[in-house]
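What follows is a short report on a single structure.
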2 protein chains.
Amino acid sequence: MSELNVPVASFSPLYEQIKAMILASLQASEWLPGAAIPSEMELAARYAVSQGTVRKAIDELAAQNLLVRRQGKGTFVATHQEDDWQYRFLRLAPDSGAKFHLTNQFLVCANTKASPYIANLLKLKAGDAVIHIDRVQSFAGKPIVFEEIWLPGARFKGLDLEALNVWHGPVYAFYESQFATHMVRAEEKIKAVAADEVLAGHLHLPVGAPLLSVERVAFTYGNKPVEIRHARYDTSEQHYENKLN
Amino acid sequence: MSELNVPVASFSPLYEQIKAMILASLQASEWLPGAAIPSEMELAARYAVSQGTVRKAIDELAAQNLLVRRQGKGTFVATHQEDDWQYRFLRLAPDSGAKFHLTNQFLVCANTKASPYIANLLKLKAGDAVIHIDRVQSFAGKPIVFEEIWLPGARFKGLDLEALNVWHGPVYAFYESQFATHMVRAEEKIKAVAADEVLAGHLHLPVGAPLLSVERVAFTYGNKPVEIRHARYDTSEQHYENKLN
DNA sequence: CAGTGGTCTAGACCACACT
DNA sequence: GTGTGGTCTAGACCACTGC
């Protein structure tokens with residue numbers, strides 16, 4: 001007797017389905033960054049499962065930094081506007097161990113068309129509208145970071161140099177409050193490069209000086225890429241920190 | 001009426017205590033890398049708690065990559081000798097996306113005394129015995145990585161160039177099988193530097209070429225630092241990859 | 001005080017690997 | 001089939017927050 005089992009879609013536990021539903025609500029902005037989501041009991045009722053199952057789903061989303069649990073208060077949607085999250089993605093630190101405070105100077109904010117390279121990374125078509133930003137960041141008066149940023153024009157319509165200069169704080173908090181776009185994760189590719197004349201000028205270094213080149217793609221909910229950055233760090237007095245587990 | 005609460009030692013859940021006991025067993029080599037630990041039921045009996053509590057302890061240790069769960073088989077002590085863990089800490093990847101296979105050439109393996117800098121990182125005293133290794137790694141025949149390694153002499157007594165050259169495979173698997181030392185995590189500090197004459201010679205590059213400098217401290221159980229590495233990568237055709245969450 | 005998340009238990013049943 | 005980890009439930013109680 002043949003055991004012709006239908007190749008069923010692989011088993012998916014309940015809590016994974018709950019995770020997916022919570023994710024869908026986040027993506028649909030049903031609950032906004034910084035706001036509390038319903039209590040575990042309420043969600044258990046809503047999805048008709050036990051509290052323990054909701055708990056496991058929330059646990060995993062919290063481990064991915066999408067939610068933040070606060071005992072006695074509730075569970076909240078992660079936000080870049082909290083003090084301790086302001087520099088969640090910044091891996092640069094001074095060699096001295098001193099406290100790091102970077103000052104921002106935005107140089108350019110232009111509406112242009114996506115190059116094939118940028119379009120590919122942002123999952124747009126070459127020629128689609130993109131916004132291109134240049135900035136320099138300084139520490140203790142010394143320029144340390146030169147950064148180029150590309151954003152999809154549709155999502156960030158209306159962004160201009162004025163708005164950037166008025167804002168004080170991390171760019172990701174700005175995106176969140178002005179463009180309803182929360183960054184969930186990012187990927188970086190790092191190389192060592194020599195400063196060309198432009199970079200040397202911005203960072204007050206000789207041409208040929210070694211710089212850390214950091215290319216980042218940042219993603220919102222649903223693995224959607226919505227920001228490209230290409231930074232160059234002067235690492236003579238600071239370094240990029242990474243933990244391997 | 002005064003509320004003079006004694007400042008009690010802060011609350012510590014049962015599963016944290018179980019975690020600590022399992023960790024102690026790992027550190028004491030009661031269970032060796034690659035071996036199965038007792039089943040959840042057995043551990044629950046041993047510690048006189050419910051299976052659920054053991055489960056939560058193991059879950060967290062597995063999340064830290066100290067243990068590996070395999071459904072239907074058991075829970076195992078993590079090891080660098082498994083195929084998919086061979087390059088767990090390697091973040092370098094070819095720009096082309098090609099498969100990466102590095103060949104090793106060990107140049108030096110000398111018994112020396114710790115400089116103050118190395119002693120500090122390894123938590124030794126300056127002048128204590130350390131082993132110093134130099135190697136070059138190549139990809140497709142091209143030298144890409146020059147790496148210096150420092151190890152505490154006591155733990156790695158007897159390590160020599162012969163042993164390194166006989167070994168085929170990742171260094172961390174070598175440490176594990178020959179010196180009963182399993183690496184649990186590492187921290188890296190990354191900079192861009194210019195090649196000096198020595199580096200330029202090893203990597204077949206002009207003096208002054210930009211290189212990625214990666215300083216790593218690797219830790220065994222109990223947060224004990226047991227290896228220092230200082231690598232220089234030629235990143236002209238490869239890059240360092242990092243994920244931010 | 002009530003409401004939230006956090007811990008712990010006991011038990012049932014499922015999925016998977018090996019023999 | 002037996003034993004392992006994986007899922008799900010229901011319920012009790014603890015710890016923390018804020019009214």
Side-chain angles (χ1 to χ4, degrees), chain A residues 3 5-22 26 31 34-79 82 84, chain B residues 3 5-22 25-26 31 34-79 82-84:
Chain A
E3 280 245 13
N5 291 328
V6 183
V8 189
S10 65
F11 172 70
S12 169
L14 249 187
Y15 74 85
E16 287 288 357
Q17 303 173 37
I18 307 292
K19 261 176 75 176
M21 285 190 276
I22 294 175
L26 289 172
W31 310 309
I37 72 171
S39 73
E40 295 179 351
M41 284 310 220
E42 285 178 82
L43 290 173
R46 172 192 301 203
Y47 301 128
V49 298
S50 76
Q51 190 201 9
T53 301
V54 170
R55 173 157 273 275
K56 173 137 188 168
I58 292 179
D59 276 348
E60 297 204 351
L61 293 171
Q64 293 167 63
N65 291 324
L66 290 166
L67 297 176
V68 177
R69 318 193 71 141
R70 297 206 192 105
Q71 182 171 145
K73 303 217 275 193
T75 301
F76 299 79
V77 182
T79 172
E82 297 289 324
D84 45 322
Chain B
E3 280 245 14
N5 290 327
V6 184
V8 190
S10 65
F11 173 71
S12 170
L14 248 186
Y15 73 85
E16 287 288 358
Q17 303 173 38
I18 308 291
K19 259 176 79 175
M21 287 191 277
I22 295 176
S25 291
L26 290 172
W31 310 310
I37 71 171
S39 75
E40 295 179 353
M41 284 310 219
E42 285 178 82
L43 290 173
R46 172 191 301 203
Y47 301 129
V49 298
S50 77
Q51 190 200 9
T53 301
V54 169
R55 173 158 274 276
K56 173 136 187 169
I58 292 179
D59 276 347
E60 297 205 352
L61 293 171
Q64 294 168 61
N65 290 326
L66 289 166
L67 297 176
V68 178
R69 318 192 72 142
R70 297 206 192 104
Q71 182 171 140
K73 304 217 276 192
T75 301
F76 299 78
V77 182
T79 173
E82 297 289 324
D83 289 354
D84 44 322

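Naming convention: chains lettered A, B, ... in sequence-line order (proteins, then strands); numbering from 1 in each chain. What you are looking at is a predicted structure, and each value in this text was computed from that prediction instead of being measured.
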Between dC16(D) (C1') and Q71(A) (CD): distance, integer Å: 5 Å
Under 3.5 Å: donor-acceptor pair, side chain of S39(A), backbone of E42(A): yes
Rounded interatomic separation in angstrom, taking CE from M41(A) and P from dG6(C): 14 Å
Interatomic distance, R70(B) CZ vs dC16(C) C1' [rounded to whole Å]: 14 Å
Test log, rule side chain to side chain contact (heavy atoms under 4.5 Å, CB included), inputs I22(A) and L66(A): CA-CA 10 Å; I22(A) 294 175; L66(A) 290 166; over 6 Å; no
Separation between OH of Y15(B) and CG of D59(B), rounded to the nearest 0.5 Å: 11.0 Å
Below 3.5 Å between N/O atoms, which protein atoms pair up with nucleotides 7-10 of chain D? Just atom names and distances, please.
unit_1 : atom_1 : unit_2 : atom_2 : d
dT7(D) : OP1    : Y15(A) : OH     : 2.7
dT7(D) : OP2    : K56(A) : NZ     : 3.1
dC8(D) : OP1    : L14(A) : N      : 2.2
dC8(D) : OP2    : L14(A) : N      : 3.3
dC8(D) : OP2    : Y15(A) : N      : 3.1
dT9(D) : OP2    : S50(A) : N      : 2.9
dT9(D) : OP2    : S50(A) : OG     : 2.8
dT9(D) : OP2    : T53(A) : OG1    : 2.3

K73(B) side-chain N/O to dG5(D) phosphate OP1/OP2 under 4.0 Å: no
Check: K19(A) main-chain N/O paired with E60(A) side-chain donor or acceptor under 3.5 Å: no
R69(A) vs dG6(C): side-chain N/O to OP1/OP2 distance below 4.0 Å: yes
M21(A) atom CE: more than 12 heavy-atom contacts under 6.0 Å: yes
Base-paired stems that DNA chain C participates in, counting runs of 3 or more Watson-Crick or G-U pairs under 3.5 Å: C:1-18 with D:1-18
D59(B) CG to dG6(D) P, straight-line distance once rounded to whole Å: 7 Å
Pairs where residues 47-58 of chain B contributes a residue and the test salt bridge (charged side-chain N to carboxylate O under 4.0 Å, His left out) is met, not counting sequence neighbours: E40(B)-R55(B)
Quiz item: cation-pi between R69(A) and F76(A), 6.0 Å / 45°: no
Steps toward side chain to side chain contact (heavy atoms under 4.5 Å, CB included) verdict (L43(A), I37(A)): CA-CA 9 Å; L43(A) 290 173; I37(A) 72 171; 4.0 Å; yes
